[in-house]
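Here is the structure we will look at, set down as structure tokens.
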Amino acid sequence: MAPQTRRTSSFPKVIIEKDSDSEQSSSEEEEEEPEPEPEEEEEEEEEEEVSERENGKEVEETLDTKRKGKSPICISLKKVCKVCKKAGHEAGFKGATYIDCPMKPCFLCKMPGHTTMTCPHRVATEFGVIPASHRNARNPLTYVFERQLRPNKSRIKPAYVIPDQVSCAVIRYHSRRVTSLEFHPTNNNILLSGDKIVYGNIHWSILNNMRFNPVNDGTVYAASSDGTVSCTDLETGISSSVLDVNPDGWQGPTNFRMLYGMDIHKERGVVLVADNFGYLYLVDIRSNSKTGEKILIHKKGSKVVGLHCNPVQPDLLLSCGNDHFARIWDMRRIEANSSLYELAHKRVVNSAYFSPLSGSKIVTTSQDNRLRVWDSIFGNLDSPSREIVHSHDFNRHLTPFRAEWDPKDPSESLVVVGRYISENYNGAALHPIDFIDISTGQLVAEVMDPNITTISPVNKLHPRDDVLASGSSRSLFIWWPKDKCEPAEQKDEGKIIVCGKAEKKRGSGKFGDDSDDSDGDTFSSKGKNSKSKKSNFKSSKSTQKKFRR
DNA sequence: AGATGATGTAACC
DNA sequence: TGGTTACCCTCATC
């Protein structure tokens with residue numbers, strides 16, 4: 001074997017280009033570039049470049065081995081934009097304000113020509129929201145809803161009761177990101193949270209969705225990426241698998257089925273669950289076993305991330321998934337390609353929910369950074385009645401964002417959704433949880449706390465109380481009006497049940513043992529558990545809730 | 001304070 | 001169609 005040796009005489013000179021520490025503007029950079037031999041510089045540009053980037057600096061070597069072997073290796077340590085890799089500007093945080101790369105489309109609305117800073121949708125969420133057209137499509141849904149629901153709909157929209165300030169409890173119990181939250185249907189003091197489980201426990205993979213059993217709210221069903229649906233008794237903690245869509249076990253990553261969307265059809269007594277290949281499965285609640293055959297409801301091979309039964313017309317099923325569609329089905333005759341409506345989106349649909357009272361509206365969260373409202377009475381289902389630009393980008397480290405209805409709002413227009421992009425609030429980059437009026441597109445309220453700097457993609461409003469539960473990377477946040485006592489103190493049985501792998505030494509150790517610490521201990525003020533990352537913030541008991549205009 | 005890496009998937013070709 | 005790649009405001013830990 002002949003060792004590759006380079007003759008010292010032909011070893012090229014190494015030139016290191018650097019930014020000067022004080023100057024960063026592109027024009028000045030060009031002036032400062034060392035140009036030892038102008039002719040060779042020109043040659044360099046024609047050569048193939050092998051470049052690596054590290055920490056916003058570009059290290060690039062220009063190899064000239066096949067020619068004279070004499071022109072210099074040029075290592076450039078010039079600062080480049082970490083987004084577009086070009087010099088002359090830099091994207092990233094300047095303090096608590098994020099500066100966008102001007103070469104990329106707006107990170108918020110995805111349109112070219114401006115950045116998030118100047119995006120009209122950032123200034124006002126209602127920008128570009130067109131009033132719904134009062135088309136009357138005379139479709140079958142319209143008749144059903146008009147006859148059955150109009151009398152119950154209030155004519156005057158009541159004002160939202162949103163407190164100026166809220167208190168927040170931080171629960172650090174999950175060892176991985178929170179994926180799912182569910183309030184107990186009857187017991188005000190029970191909240192269920194699911195996480196991305198690492199190993200062990202009821203499921204060995206991500207818990208994607210869970211629902212209380214509507215006929216026996218002491219049990220909970222959960223769908224997981226491990227391909228099973230579990231049924232767990234909350235009193236005993238005993239869990240059983242009621243569906244396994246991989247009866248032959250692991251047959252490779254392309255064959256393994258994972259379960260995402262799930263809901264329970266109370267009247268029919270079935271759990272509806274869908275997989276990552278486009279199929280719907282039914283599980284009979286009485287026998288806790290699979291019933292019927294799987295049905296293709298979305299594009300073959302695409303993930304079905306959400307299922308929701310209409311609260312008033314339970315035979316109407318709403319599904320959504322990665323094929324960019326949400327679909328409405330008639331449960332009485334559901335088979336491939338038989339959907340009543342197809343709600344088209346530009347990107348993946350993270351969630352689709354019927355409005356909680358009348359079931360006549362649908363709100364969807366799509367990865368094109370838009371919330372869409374579909375109204376079966378005042379609009380039609382051919383196109384959304386409203387599109388609201390809102391930052392909830394897909395990110396591999398985050399649970400996908402899902403806009404959730406406020407179940408207590410009689411006008412069915414209030415929606416809660418976490419925000420991806422941050423805003424500079426007194427020097428801290430915070431990601432508020434947004435309350436949006438979908439009838440106007442207006443941002444009604446934004447919930448935030450200077451101590452909570454993480455993103456909260458999972459949010460759920462309490463069915464009866466003024467309580468918001470938020471799920472973040474590893475924490476749960478419980479928000480309630482500041483003037484009220486802590487939720488768990490309202491009744492004597494406060495209890496939070498956390499599904500997932502418990503990491504017991506985390507946080508303040510309030511959950512360190514398995515005893516039912518019910519009252520004050522269960523909720524602790526955020527000051528105790530969460531360390532303030534920004535020293536310029538004092539840990540205040542109450543949280544700012546800012547109103548725009 | 002700055003570097004590290006765990007990590008899943010949508011969109012593209 | 002399947003394989004490849006980027007991924008741009010994570011976040012906890014060292």
Side-chain angles (χ1 to χ4, degrees), chain A residues 53-57 80-86 89-112 115-117 119 122 170 172 174-179 195-199 205-206 208 225-226 252-256 258 260 276-277 298-305 321-325 345-350 366-369 390-401 418-425 428-432 448 451-458 471-475 503 505-507 529-531 533-535:
Chain A
R53 276 128 199 147
E54 285 168 10
N55 307 324
K57 300 218 175 188
V80 293
C81 171
K82 65 180 176 186
V83 176
C84 73
K85 321 295 183 205
K86 292 196 175 73
H89 64 273
E90 273 183 90
F93 276 106
K94 281 270 182 292
T97 305
Y98 190 90
I99 309 297
D100 266 326
C101 170
M103 310 300 282
K104 291 271 181 171
C106 172
F107 196 66
L108 174 54
C109 74
K110 310 301 175 196
M111 303 301 281
T115 65
T116 317
M117 293 294 270
C119 180
R122 180 178 164 273
V170 175
R172 307 191 94 209
H174 286 277
S175 64
R176 287 293 186 273
R177 69 172 189 237
V178 177
T179 57
D195 76 9
K196 181 195 173 305
I197 302 159
V198 224
Y199 44 82
S205 188
I206 305 177
N208 291 308
S225 289
D226 65 7
T254 51
N255 295 309
F256 194 78
M258 308 187 221
Y260 285 84
N276 56 332
F277 288 90
H298 277 262
K299 186 181 168 186
K300 200 169 186 177
S302 75
K303 198 187 342 176
V304 183
V305 290
N322 285 24
D323 62 353
H324 300 191
F325 281 100
H345 293 71
K346 293 211 171 62
R347 285 281 184 273
V348 167
V349 190
N350 289 346
S366 173
Q367 287 185 14
D368 65 354
N369 261 5
H390 178 264
S391 173
H392 48 252
D393 287 75
F394 171 79
N395 179 311
R396 75 176 124 164
H397 307 284
L398 302 173
T399 305
F401 288 83
R419 197 193 303 174
Y420 189 104
I421 51 172
S422 64
E423 197 87 41
N424 182 346
Y425 294 99
L430 304 181
H431 307 266
M448 72 210 114
N451 291 303
I452 297 170
T453 55
T454 55
I455 294 174
S456 302
V458 188
S472 182
S473 50
R474 292 198 190 175
S475 302
E503 199 163 293
K505 291 283 153 56
R506 203 162 280 285
N529 279 356
S530 64
K531 269 188 279 178
K533 287 180 181 164
K534 311 270 174 188
S535 55

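Every chain is numbered from 1 and lettered A, B, ... according to where its sequence line falls, protein lines coming before strand lines. The shown structure was predicted, so the numbers you read here are calculated from the model rather than taken from an experiment.
Residue A:Phe401 is classed as having no contact, given no heavy-atom separation below 4.0 Å to the nucleic acid. Across all strands shown, A:Thr116 has heavy atoms under 4.0 Å from base atoms, whether or not it also approaches the sugar-phosphate. Within 4.0 Å (heavy atoms only), A:His324 reaches sugar-phosphate atoms of the nucleic acid but no base atom.
Note on A:Lys110: every side-chain N or O is 4.0 Å or more away from OP1 and OP2 of C:dC8. Note on A:Tyr98: every side-chain N or O is 4.0 Å or more away from OP1 and OP2 of C:dT10. One finds no side-chain N or O of A:His397 lying less than 4.0 angstrom from the OP1 or OP2 phosphate oxygen of C:dC7. Regarding contacts with the backbone of B:dG8, a side-chain N or O of A:Lys196 is found under 4.0 angstrom from either OP1 or OP2. Distances shorter than 4.0 Å separate none of the side-chain N or O atoms of A:Lys82 from OP1 or OP2 on C:dC8. Phosphate contact (OP1/OP2 of C:dA12, side-chain N/O of A:Ser473, threshold under 4.0 Å): present. Between A:Arg347 and the phosphate of B:dA11, there is a side-chain N or O to OP1/OP2 separation shorter than 4.0 Å. Between A:Asn322 and the phosphate of B:dA10, there is a side-chain N or O to OP1/OP2 separation shorter than 4.0 Å.
Separating the OG1 atom in A:Thr116 from the CD1 atom in A:Ile421 is a distance of 5.5 Å, to the nearest 0.5 Å. Distance CZ/A:Arg347 to CD/A:Gln367: 9.0 Å, rounded to 0.5 Å. Atoms CZ and NE2, on A:Phe277 and A:His298 in that order, are 15.5 Å from each other to the nearest 0.5 Å.
In this structure, the nucleotide among C:dC9, C:dT13, B:dG8 sitting nearest to the side chain of A:Arg474 is C:dT13. Listed nucleotides C:dC9, B:dT9, C:dC11 differ in distance to A:Tyr420; the shortest reach to its side chain belongs to C:dC9.
Distance, A:Lys299 NZ to C:dG2 P: 11 Å, rounded to whole Å. Between A:Asn424 atom CG and C:dC9 atom C1' there is a gap of 12 Å when expressed in whole angstrom units. Spacing between atom NZ of A:Lys300 and atom C1' of C:dG2 amounts to 16 Å, rounded to whole angstrom units. Rounded to whole Å, the distance from CZ on A:Phe277 to C1' on C:dG2 is 13 Å. Atoms CD (A:Gln367) and P (C:dC7) sit 15 Å apart, rounded to a whole Å. Rounded to whole Å, the distance from CE on A:Met258 to C1' on B:dA10 is 14 Å. Per the geometry, NZ belonging to A:Lys303 stands 8 Å off C1' belonging to B:dG8, to the nearest Å. Taking atom CZ on A:Arg176 and atom P on B:dG8, their separation rounds to 10 Å, with Å as the unit.
Pairing for B:dT7 is absent, judged as Watson-Crick or G-U wobble with the two contacts each under 3.5 Å.
As rounded to the nearest Å, C:dC14 and B:dT7 have P atoms that lie 15 Å from one another. Of the C1' atoms belonging to C:dC9 and B:dC12, the separation is 24 Å, rounded to the nearest Å.
If A:Ile206 and A:Lys346 are placed on DNA chain B by their nearest nucleotide, the residue sitting closer to the 5' end is A:Ile206. Projected onto DNA chain C by closest heavy-atom contact, A:Thr254 and A:Phe107 fall at different nucleotides, the more 5' of which corresponds to A:Thr254.
For B:dT9, its base never sits under 3.5 Å from the side chain of A:Arg396 at any donor and acceptor pair.
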Test side-chain hydrogen bond (donor to acceptor under 3.5 Å, both in side chains) applied to A:Asn424 and A:Thr97, step by step: CA-CA 5 Å; A:Asn424 182 346; A:Thr97 305; 2.8 Å; yes
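Checked against A:Thr454 for a side-chain hydrogen bond (donor to acceptor under 3.5 Å, both in side chains), the options A:Ser475, A:Ser473, A:Ser472 give a single hit: A:Ser472. Just one residue in the list A:Asn208, A:Thr179, A:Asn276 forms a side-chain hydrogen bond (donor to acceptor under 3.5 Å, both in side chains) with A:Ser225, and that residue is A:Asn208.
Within 6.0 Å of atom NZ in A:Lys110, more than 12 heavy atoms from other residues, nucleotides or ligands are found, so the atom counts as buried in its surroundings.
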